[in-house]
Number of protein chains: 2
Amino acid sequence: MSVQERKQRERAERERLIVATARELAEQQGWDAVTTRRLAERIEYSQPVLYSHFRGKREIIGAVALQGAAEMAVAMRAAASGADGPRARVAALARAYLDFAERNPAVYDALFQLDGGLAFAQEDTPEPLKDAFAALLESLSEVTGDGVEPGLFTETFWAALHGLATLTRAGRLPPEDAGPRVELLVGRLAVV
Amino acid sequence: MSVQERKQRERAERERLIVATARELAEQQGWDAVTTRRLAERIEYSQPVLYSHFRGKREIIGAVALQGAAEMAVAMRAAASGADGPRARVAALARAYLDFAERNPAVYDALFQLDGGLAFAQEDTPEPLKDAFAALLESLSEVTGDGVEPGLFTETFWAALHGLATLTRAGRLPPEDAGPRVELLVGRLAVV
DNA sequence: ATTCGACCCTAGCACCGCTAGACAACCGAG
DNA sequence: CTCGGTTGTCTAGCGGTGCTAGGGTCGAAT
């Protein structure tokens, strides 16, 4: 049995390598540069090996997205716990969100921009995604205000942050006033 | 001279045909289906003809985007002029924006999601883009509130709408509560 | 009528995601 | 210890992509 176990371990290790390499390549040169050929070459296997781990490129993107969601949840909770009071917490959360998007553009794209074949906002949504949303909700439910469902508020707040993140990075918004825009958003949306 | 003029006219007409066909194909089957081969076949010319009008696929996307920006500006002003009072005007504007994004997904993508090679938020930004932004600013500057620059407010409001539009269409947000989310956003961001 | 230039098409390049089928290496049974 | 069979990997190739070089045709101007 130990032989099979070793093989399984090696297989899992190689799968991690694939995901890590895809992510690295995407962060370095963008997702367009992540081709199955290049990816295969970097992990020093032939292309078909990729398809023994994933159905296709889409699933690889999905795997990177899940990894990113877990990291994002951690980052959100860290930012929230480092601030005093609901208002400051939400401000810190918003800044941390945009910071994450800016520092990990490829991961952010895998999560929210590209098709990774993942289900969102449903029962069969993968746990990391649900948890990342929960991390936002934890802080945002403190400033939701009366008569509004916290889930709905979180969705709206998140969408606003997402808009800022994507439009800024796509060059649609000038990067200079990023700070004031976040302040404005938090100041108006959060009810203290 | 009249021969040259006729040729120029025919050339311009064909260029319009290319853009219209690209847009149509994109709305019907998505931008992935807009390949130079398919596009060439539909306009009943060979591929290289496309390249005598545009540098490449990117520029075709850009042309569709410019067309869309002009239409969007018209739609925004129409929605604004049909409502009484600043608050109702902004609500109508927001609904019209999301409606435009939902009804013309391919055009919306060309504008804000894909790379059409256009400059945004700069001096050399094409006029239609500037004007679409101006159309938003006209209504939003009425509800900006004190101590906030209307341009900054418009950018923030727009980003929030963009987030709602893209996340909803990408299946990241459940479509059911789209209405309440817009209400919440307008209610909190707009200062009456 | 002839030359010349503008125009368009055929054919092809390098790349893409993905897969069929050949081959080698290794495991377990006799 | 040998031998079948399974498991795993690779080479090669399919149909597609954006884009372009080069040849040929056709009409305008001399």
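Residue numbering restarts at 1 for every chain, and letters A, B, ... go by the order of the sequence lines.
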Exercise for the section: Assert yes or no for the condition that the ring centre distance of A:Tyr108 to A:His162 is strictly below 6.0 Å. Expected result: yes
Practice task
State yes or no: are the ring centers of B:Trp158 and B:Phe153 separated by less than 6.0 Å?
Solution key: no
Practice task
Classify the side chain of A:Gln47 and the base of C:dC18 as holding, or not holding, a donor-acceptor pair under 3.5 Å.
Solution key: yes
Practice task
Measure from the side-chain N and O atoms of A:Ser139 to the backbone N and O of A:Leu136, and report whether any donor-acceptor pair falls under 3.5 Å.
Solution key: no
Which part of the nucleic acid, if any, lies within contact of [X], taking any heavy atom under 4.0 Å across all strands shown: a base, the sugar-phosphate backbone alone, or nothing?
{"X": "B:Arg14", "answer": "sugar-phosphate"}
{"X": "A:Arg11", "answer": "nothing"}
{"X": "B:Arg38", "answer": "sugar-phosphate"}

What is the distance, to the nearest angstrom, from the [atom1] atom on [X] to the [atom2] atom on [N]?
{"X": "A:Trp31", "N": "C:dG17", "atom1": "CH2", "atom2": "P", "value": "12 Å"}
{"X": "B:Lys7", "N": "D:dG27", "atom1": "NZ", "atom2": "C1'", "value": "7 Å"}
{"X": "B:Asp115", "N": "D:dG18", "atom1": "CG", "atom2": "P", "value": "15 Å"}
{"X": "A:Leu114", "N": "C:dG17", "atom1": "CG", "atom2": "P", "value": "13 Å"}
{"X": "B:Lys57", "N": "D:dC19", "atom1": "NZ", "atom2": "P", "value": "8 Å"}
{"X": "A:Leu50", "N": "C:dG17", "atom1": "CG", "atom2": "P", "value": "10 Å"}
{"X": "A:Glu41", "N": "C:dG17", "atom1": "CD", "atom2": "P", "value": "13 Å"}

Practice task
Between A:Thr35 and B:Tyr45, name the one whose nearest nucleotide on DNA chain C is closer to the 5' end.
Solution key: B:Tyr45
Practice task
Specify the residue among A:Asp32 and A:Pro48 whose closest nucleotide of DNA chain C lies further upstream toward the 5′ end.
Solution key: A:Asp32
Problem - Contact under 4.0 Å: A:Arg55 side-chain N or O vs C:dC18 OP1/OP2 - result: no
Exercise for the section: Let me know, please, whether A:Arg37 or A:Val49 comes out on the 5' side of the other along DNA chain D by nearest nucleotide. Expected result: A:Val49
Completion exercise
Winner on side-chain proximity to A:Tyr51, out of D:dC19, C:dC18, D:dC10, is C:dC18
Practice task
Choose from D:dT9, C:dT10, D:dG18 the nucleotide whose nearest atom is closest to any side-chain atom of B:Ser46.
Solution key: C:dT10
Exercise for the section: Indicate yes or no: does A:Glu71 engage A:Arg77 in a salt bridge with an N to O separation below 4.0 Å. Expected result: no
Handout entry: Charged tip of B:Arg172 within 45° of A:Phe112 ring normal and under 6.0 Å
Key = no
